[in-house]
Peer 1: 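Quick one: the structure is below, questions incoming.
Each chain gets a letter, A, B and so on, in the order the sequences are listed, and its residues count up from 1.
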Amino acid sequence: MNAWAVVSGLIVGLAFGYALQRGRFCVNTAFRDVVFIRDGTLLRTWALAVAVQLLGLQLLMHTGLFPAEPDVPPLWPAANALGGFVFGMGMVLAGGCASGTCYRVGEGMLGSLLALLGFGLMTVVVDRGALLPVQEALRWSPSSSSGEAPTLAALLGLSGGSAGQLLLALGVGGLVLLWALWTGLRRGVRAPHQRGWPWLLTGVALGLIGLAAWVGSTATGRAYGLSITGPIRSWFLWLVTGDAGWLDWGSWALVGLIAGAFVAARLHGEAKLRVPPPGRTLQALGGGLLMGFGAQLAGGCNIGHGFTGLAVLSLGSLLTTVMIVLGAWTASALLFGAPGERLAALWERLTAQARRLAQPQAQTQAQQEEGSR
Amino acid sequence: MSRVEAKSEALKELQELQEKAGKVHTLDVRGEICPYPLTETKKAMARLEPGEVLEVLLDYPLSLETIPRWAEGQGHKVLKVEERGPAEWRIVLKKSGG
């Protein structure tokens, strides 16, 4: 095992976990709040982090400071779409996205630990177990004539490393950055009752940590940034095969993440073992299993695709991210929104109807029994 | 009994009296994570009369930010956000109007 991978992975992971916990950064909450309570604070934090990382990475690449060609996640339209959607629904049930669930494990939330274990188990089941046929059937790529990696730039006919590609990336990153700052600064940086980090600090810190991950990880031969799905899978594969070859930079960053979140929570009196109500533990496990299934199928979660993959404008990551949002909205609407309430009311009416239909029958039956006696 | 203790006893009694009179409602969402602390708070606030007070007991740090932010956006008053013990907090909200 490369000692540099362990050390730099742990350090970047620690910073990542610390920032996630202090910023209460959760993409699940971000996507939900903007629709259900019309609060865009966490969505802005996410957008800011994505923009800082995107702009930073593109500038590093074009000035030649970045050591290698970054990996671009493959485009698998069916697997990205279905996987992203299922992952989005799963994170609503589990009460946190991949990064949110991991930092809450560090805070001592045992429901999140159960979700994380379900997540990890399912990545292995889909990647090399009973559900491998699903992955094999859905992971097909559209044929590309140019041989370019599947990015937004390639889609628009701009080749990698060209000035046009840089302009596109700077344009997209700049717009997202401006939107986040413009809408955010009008509302103020700090909320009155805030204990954690303000959105501005969290967003910039996460963007810079994402950038540090690209540099640190690539130096160990893994030309990618932060991710969670692959690293969780690597620990499960190591556990069941005993082969340390599965572990890489990302595996150590994941350990650092959970440790960093624990340190942050502990220092601020927010660490404690906490147990959810009984039904909620099953819900968390079910959510974790769905998240693992979806993320493995799509080749990444809200971090591997929804953060890191966006920095290279990967089409697979863009598609997966959109589908995660749609999946999260669908599940939230069913569980907490007006459609869910209508469904519950309909269920109530149907069961009441069924009871009314069943009741006279039971009475006549009782009468018949009476008569025969 | 010291003066401070006597005072906190008196406060406690007052609070209990208020609770009995139905003025302070309590919502215990300890152990719950996203989004239940917020959705349960929303439901509980909807049941209150204007001017009534709800105390939310919670141990989930993220909702410690989102509940006050939501309440203020709705025009409710955030009377208190305080620590009740190790990694446990209490948010006191007063329903708008009244």
Peer 1: So for B/Pro35, is it side chain, backbone, both, or neither that comes closer than 4.5 Å to the heavy atoms of chain A?
Peer 2: both

Peer 1: Under 4.5 Å heavy-atom distance to chain B, tell me which part of A/Arg32 shows up: side chain, backbone, both or neither.
Peer 2: side chain

Peer 1: Quick one: what part of A/Ser332 sits under 4.5 Å from any heavy atom of chain B, side chain, backbone, both or neither?
Peer 2: neither

Peer 1: Does a side-chain heavy-atom distance below 4.5 Å link B/Tyr36 with A/Phe336?
Peer 2: yes

Peer 1: Check this for me: B/Lys42, atom NZ, are more than 12 non-hydrogen atoms of other residues, nucleotides or ligands nearer than 6.0 Å?
Peer 2: yes

Peer 1: Checking A/Ala94 against chain B: side chain, backbone, both or neither under 4.5 Å from a heavy atom?
Peer 2: backbone

Peer 1: If I take atom CG from residue A/Leu273 and atom CG from residue B/Asp59, how far apart are they, to the nearest 0.5 angstrom?
Peer 2: 11.0 Å

Peer 1: Do A/His193 and B/Arg69 have side chains that approach each other closer than 4.5 Å (heavy atoms only, starting at C-beta)?
Peer 2: no

Peer 1: Which region of B/Glu83, side chain (C-beta onward) or backbone (N, CA, C, O), has a non-hydrogen atom less than 4.5 Å from a non-hydrogen atom of chain A, or is it both or neither?
Peer 2: side chain

Peer 1: Looking only at heavy atoms, which of residues 274-292 of chain A get nearer than 4.5 Å to chain B?
Peer 2: A/Arg274, A/Val275, A/Pro276, A/Pro277, A/Arg280, A/Gln283

Peer 1: Heavy atoms, side chains only, cut-off 4.5 Å: are A/Glu270 and B/Tyr60 in contact?
Peer 2: no

Peer 1: Less than 4.5 Å apart, any side-chain heavy atom of B/Val78 and any of A/Pro192?
Peer 2: no

Peer 1: Name the region of B/Ile91, side chain, backbone, both or neither, that has any atom closer than 4.5 Å to a heavy atom of chain A.
Peer 2: neither

Peer 1: For the CD1 atom of A/Ile37 and the OG1 atom of B/Thr66, what is their distance to the nearest 0.5 Å?
Peer 2: 6.0 Å

Peer 1: For the CZ atom on A/Arg38, are there more than 12 heavy atoms of other groups (residues, nucleotides or ligands in this structure) within a distance under 6.0 Å?
Peer 2: no

Peer 1: With a 6.0 Å cut-off (strictly less than), is the heavy-atom count around CD of B/Glu82, excluding the residue itself, greater than 12?
Peer 2: yes

Peer 1: Could you measure the distance from the OG1 atom of A/Thr29 to the CD atom of B/Glu65? Nearest 0.5 Å is fine.
Peer 2: 11.5 Å

Peer 1: State, with a plain yes or no, whether a side-chain heavy atom of A/Arg195 is found less than 4.5 Å away from one of B/Pro61.
Peer 2: no

Peer 1: Does any part of the side chain of B/Leu62, heavy atoms only, come nearer than 4.5 Å to the side chain of A/Tyr103, both counted from C-beta?
Peer 2: yes

Peer 1: If I take atom CZ from residue A/Arg24 and atom SG from residue B/Cys34, how far apart are they, to the nearest 0.5 angstrom?
Peer 2: 11.5 Å

Peer 1: Taking all non-hydrogen atoms of both residues, which atom of B/Ile33 and which atom of A/Gly95 are closest, and how far apart?
Peer 2: CD1-O, 3.6 Å

